[in-house]
Structures are given as C-alpha cells and as structure tokens.
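A short worksheet on the structure shown next.
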2 protein chains.
Amino acid sequence: MYSKHSPLARKLGSFVALDDAELAVLDGLHQRRRRFVAGRDLVHQGQTRSAAYILAEGWVCSYKLLRDGTRQIVDFQIPGDFLGLRSVLFRTADHNIEPITTVEASEVKDSELLTAFTQTPRLATAVLWAASRDEAMVVEHLVGIGRRNALERTAHFLLELNARLMLVGQATTAGFDCPLTQYHLADALGLSAVHVNRVLRELREKGLLTFQKGQVEILDFKGLVALAEFDLGYLDHEGPLLR
Amino acid sequence: MYSKHSPLARKLGSFVALDDAELAVLDGLHQRRRRFVAGRDLVHQGQTRSAAYILAEGWVCSYKLLRDGTRQIVDFQIPGDFLGLRSVLFRTADHNIEPITTVEASEVKDSELLTAFTQTPRLATAVLWAASRDEAMVVEHLVGIGRRNALERTAHFLLELNARLMLVGQATTAGFDCPLTQYHLADALGLSAVHVNRVLRELREKGLLTFQKGQVEILDFKGLVALAEFDLGYLDHEGPLLR
DNA sequence: CCTCAATCCTGATGTGTATCAGCCCAGTCT
DNA sequence: AGACTGGGCTGATACACATCAGGATTGAGG
C-alpha cells in the first residue's frame, strides 16, 4: 500500500495508518532534493538555522566532537530516517552530521515541518513515535558502551544494524553491504581503531562473522545473538497502534 | 503565567506558547495521581500495557538490566518529566523505572495520551520537543561514557543534573539536594561504585565539589565546567519557538 | 544495648583497552 | 613507474578502571 511512497512514509505508516491527505503532506516535504558527497559534513555542531533532512539514499552518521579531537558517533542513519530533527526543534545543532557514502536527501525547512505537524496531528504523533524509536536505539547504544565489553558491544552493534537494514530490505540474516570503516566502528563503539581490529579478528576466529571489503557476513546468527544478548523488541512492534 | 499549572505545563510552555484550551487538555491528563515508594519498580522491562506517568514530585531513574546482573541507568527524571512515553508508543516497556525517593505521579492511559495528541496538535509538537530534549541528554550521556574519563564524566553528569534542577528551581550554582547514592552514580556512569568513590574524593581534593549526605556542594563552578567541557546549550533555548 | 543492613571508604591486585610504532596492501594521482 | 593515501593489521608497553577483600560509620529495629 505504501510502496509508491518514500521510505519515510513506509516507516511511519507502520505505526500510524496514514490517510491520503496525510501522505500528501508527507510527500510535500520531499521537494528540495539535495545530493551530498561522502566526508563533507552536512551539519555542524553549533550551527544555527539549519534545516532538517529526510534521508532518501546512502548512509550518514551523527557525531559529537570533543575538544581533544576524539569523536563519538551517536548513531548511523539509513534511508527513511530523519536527520537533524533536534537541530530544528532547538534552533541550533548539537551534533555534526557526516555523509558516509554519497547521499540523497530532501531538505525540510523548520516552518514547513512545524506547519505539517500542527495541520496533521497524526503525522506529529507518528514522528514522535519515530523519534522515540531512534531514542531507543541510542539508549541501547548507551547500555552497550556502559556495560558491555568490546566483543559483546561490537556484536550487538552489528546485529542492530542488520536488523534495521532488514526492515528496509537491505540485509538478510546472512549479512549486508556495509560502507563503514573500522574507524567508524571505533568512533561509534567508544574503542580505538586498533582494538576494533582485534575484536573483529576474534569474531572471525570464533566463526561468528566477517567484516571485510564493505561486506558483513553473518556466519552464526544465533551465536551472535547469544553473545550480544540481542533482543530486537525495541525495533519491532505489531501493526499500527493508531488507526 | 504558567505558575498555576503543573511543572510539565511550565516546561512545555517554554517551547510552545500553549493557549487555555491546550492547557486544559494538559491538566486533564493529571487525573489519577499515584504515590510510589522508593525502591519498588514502577515499570518493568518487557511489561506490556503499561501506562505513562507525569512526574509531579520526587526522583526516579530509568535503567536497563543485563543478564549478568549489572545495570545501566539511562537517565534520571525529575518533576515535570514524562515517564514511560516509549513504553506507551511501543506497547511494551524496554526499560525499568525505579523511584529513588517517594514519588508522586499522574498516571496517563495510552488512549488518553494519543487522543490528546491528535486533538491538540501543538501539544503533540511540544511533547515531541520535550522528548527530543530528553534524547539530547541521553546523547550527551552516551558521549560521556564513550569518550570521557571517569573524572570528567562524573563532573559533567553532576553539572547537567545541576542545570536541570536549576530550571525547576531546585538548585543554584552553589549546589543542590541529591538523594542519589554512590551506587546510583556508578550505575549511571558505567563505573564501579569503588571507583566512583575515588573519583568523588579526587573532585573534593581538587576543591571542585563535595558529594555528601544527600548534598552536592559546588565549590568551583568554573573549574568544573572547564574540566567537563560542559555546555548547556542543549538544555537551553530562547523563548517559545512556536507561537 | 546489640544486631543488621546500607552506605561509604580504602589498599592490593588484576585486566581490558589505549597508545605507540610500524608494516602491508590496494587504489589513485602524477 | 613511483609517490602517496587510506585502510587494515600486529606486537609491545602503559594505564585507567575493575575486582576482591575488608574496615568504619550510620540509622533502623528488636
């Protein structure tokens, strides 16, 4: 039913059964399509008056920079995800957004977004739901960094990525294409790149997965799930809540 | 103007200028007031059909439990904060909520909440904003655990708590009342309680702050801010965005 | 008054991960 | 072809924090 619409519409539709008028408003947000090259930041920490974007193609990451030069990647976004929603609601960006691959995204002005919300209340609720889902991922990420060791943390992270990509048809339980470098993993997992390398070797030696040449191959799905205590409940739910 | 209303109304009002009808809807959510004792969990991981709550008095924390018995506290909530919003939107709780002190909260049924959102769109937008603000805190927490050492992390955490409490008039730059134990800090900061104790001693020896008998005294605010690279931009903004 | 449970506090020892230093390989630019 | 760059890989060493073990203090309850 939503197949003719954007990945975002498909995602939101899984929570709130959107009617044609609401879908039209959503489509209306996809006017100014932009293309960005990998590596050049799309939004900077502290930047004001930045727009939000709806990601159509490619991967980006949002991260925070510390004074000593290290960075922490907070989250990766894939097609259908919102970028910089917080930057709009707060009028100033509290994080950076870097395209990992070449990226296609629709720019959404703050006024358009806020108007859409007040005129289409169910849409606002749906976006609230999507934001909560993102927050749940950040929370799980927090738990990982706070309480899991490097091996479990890495396994958990890759399983989560896999689950998210499966929802948009870009992965199977056998693996997925992954444009991330070991440096990206390190910055996301709160590890050094050197240690990420050792951890990946250990995962490989244990016959759990390989991470090579832009490909993640999952060799032992159940083993990984057990190792990582992975539970995808927080990404999943059964049918639209709001009809 | 909002003083006769709940802390939540005051908080949301700082983002969206709410009119009388909207305030009435918000007040309508404060029907079933409940009281909870410290230590007995209010919501459990995996629990379905749980309600949301609006915290009126006391402190709670939300945390996740790992199989090995360790836990990670994700966030603390203070009066005016929403509890369990995600549990409602996802129909199943992905975390536990524990009252740290005796707590007063209004129970809100999922249907009431969703109805309020669709009938009062600006309210939904305001709640989206509040949720984003919470997410910003979780993100900052994530960065702290991922990239700051124990000393900076602890300082940052206490400064953030201080800033939040100042917004609701429960702290000054000189300090605040704090019902947390060193175990709570450890679970929140991803440290062992033993190490938290040493870190607190170091902060004391450096003349930065004391944490004793339920009181946090800030001795050198500027020194702490510098140590922690603290920036409260993400908690702050200037006047309602949506009029 | 004594016991018991929390909480705070401390020294000794162990370990997971960072840091440093450097090599290898594959592209790509000149 | 050579130079250069980004990414992957590895051993040696260092240190931040965990873990273990136990003492001191306080308050509650019998």
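In the text below, chain A, chain B and the rest are named by the order of the sequence lines, each starting its count at 1. Just the heavy atoms: all of them, side chains too, but no hydrogens, waters or symmetry mates, feed the values below.
- A:Leu180 places its CG atom 12 Å from the P atom of D:dG7, with the value rounded to the nearest Å.
- Remark: B:Arg71 engages B:Glu98 in a salt bridge, criterion side-chain N to carboxylate O under 4.0 Å.
- Rounded to an integer number of Å, the gap from CG of A:Leu200 to C1' of D:dG7 is 13 Å.
- Side-chain rings of B:Phe157 and B:Phe76 approach one another, their centers coming within less than 6.0 Å.
- For the pair A:Arg148 CZ and D:dA18 P, the computed distance is 17 Å after rounding to whole Å.
- With C:dC8, D:dT10, D:dT19 as the choices, the nucleotide that has an atom nearest any side-chain atom of B:Val194 turns out to be D:dT19.
- Nearest-nucleotide mapping onto DNA chain D: of A:Arg147 and A:Tyr183, the residue sitting toward the 5' end is A:Tyr183.
- Atom P of nucleotide C:dG16 and atom CZ of A:Arg153 are separated by 13 Å, given to the nearest angstrom.
- Toward the 5' end of DNA chain C, the nearer of the two residues A:Lys213 and A:Ser192, judged by each one's closest nucleotide, is A:Ser192.
- Using a 4.0 Å heavy-atom criterion, one finds that B:Leu191 contacts the sugar-phosphate atoms exclusively.
- Under the 4.5 Å side-chain criterion, counting only non-hydrogen atoms from C-beta, A:Phe211 is not in contact with A:Asn197.
- Counting non-hydrogen atoms under 4.0 angstrom, A:Thr181 reaches the backbone sugars and phosphates but no base.
- Close to D:dC9, at under 4.0 Å from its OP1 or OP2, lies a side-chain N or O of A:Asn197.
- A:Arg198 comes within contact range of at least one nucleobase, with a heavy-atom separation under 4.0 Å.
- Residue A:His195 has its side chain nearest to C:dA18 when only C:dA18, C:dT19, C:dC9 are considered.
- The aromatic ring centres of B:Tyr53 and B:Phe36 sit less than 6.0 Å apart.
- Distance from the side chain of A:Asn149 is smallest for C:dT17 among the nucleotides C:dA18, C:dT17, D:dC9.
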- request: Would you check, one step at a time, whether the test side-chain hydrogen bond (donor to acceptor under 3.5 Å, both in side chains) holds for A:His184 with A:Thr181?
  value: CA-CA 5 Å; A:His184 284 123; A:Thr181 67; 3.3 Å; yes
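- What separates CG of B:Leu185 from C1' of D:dC17 is a distance of 16 Å, to the nearest Å.
- Between the CD atom of B:Gln212 and the P atom of D:dA24 there is a distance of 19 Å, given to the nearest Å.
- For C:dC9, the OP1/OP2 oxygens have a side-chain nitrogen or oxygen of B:Gln182 closer than 4.0 Å.
- One atom, CD of B:Glu205, and another, C1' of C:dT10, lie 12 Å apart when rounded to the nearest Å.
- At the heavy-atom level, B:Gly190 lies under 4.0 Å from the strands shown only through sugar-phosphate atoms.
- Atom CD of B:Gln215 and atom C1' of C:dC8 are 17 Å apart (whole Å).
- Note on B:Arg201: a side-chain N or O is less than 4.0 Å away from OP1 or OP2 of C:dT10.
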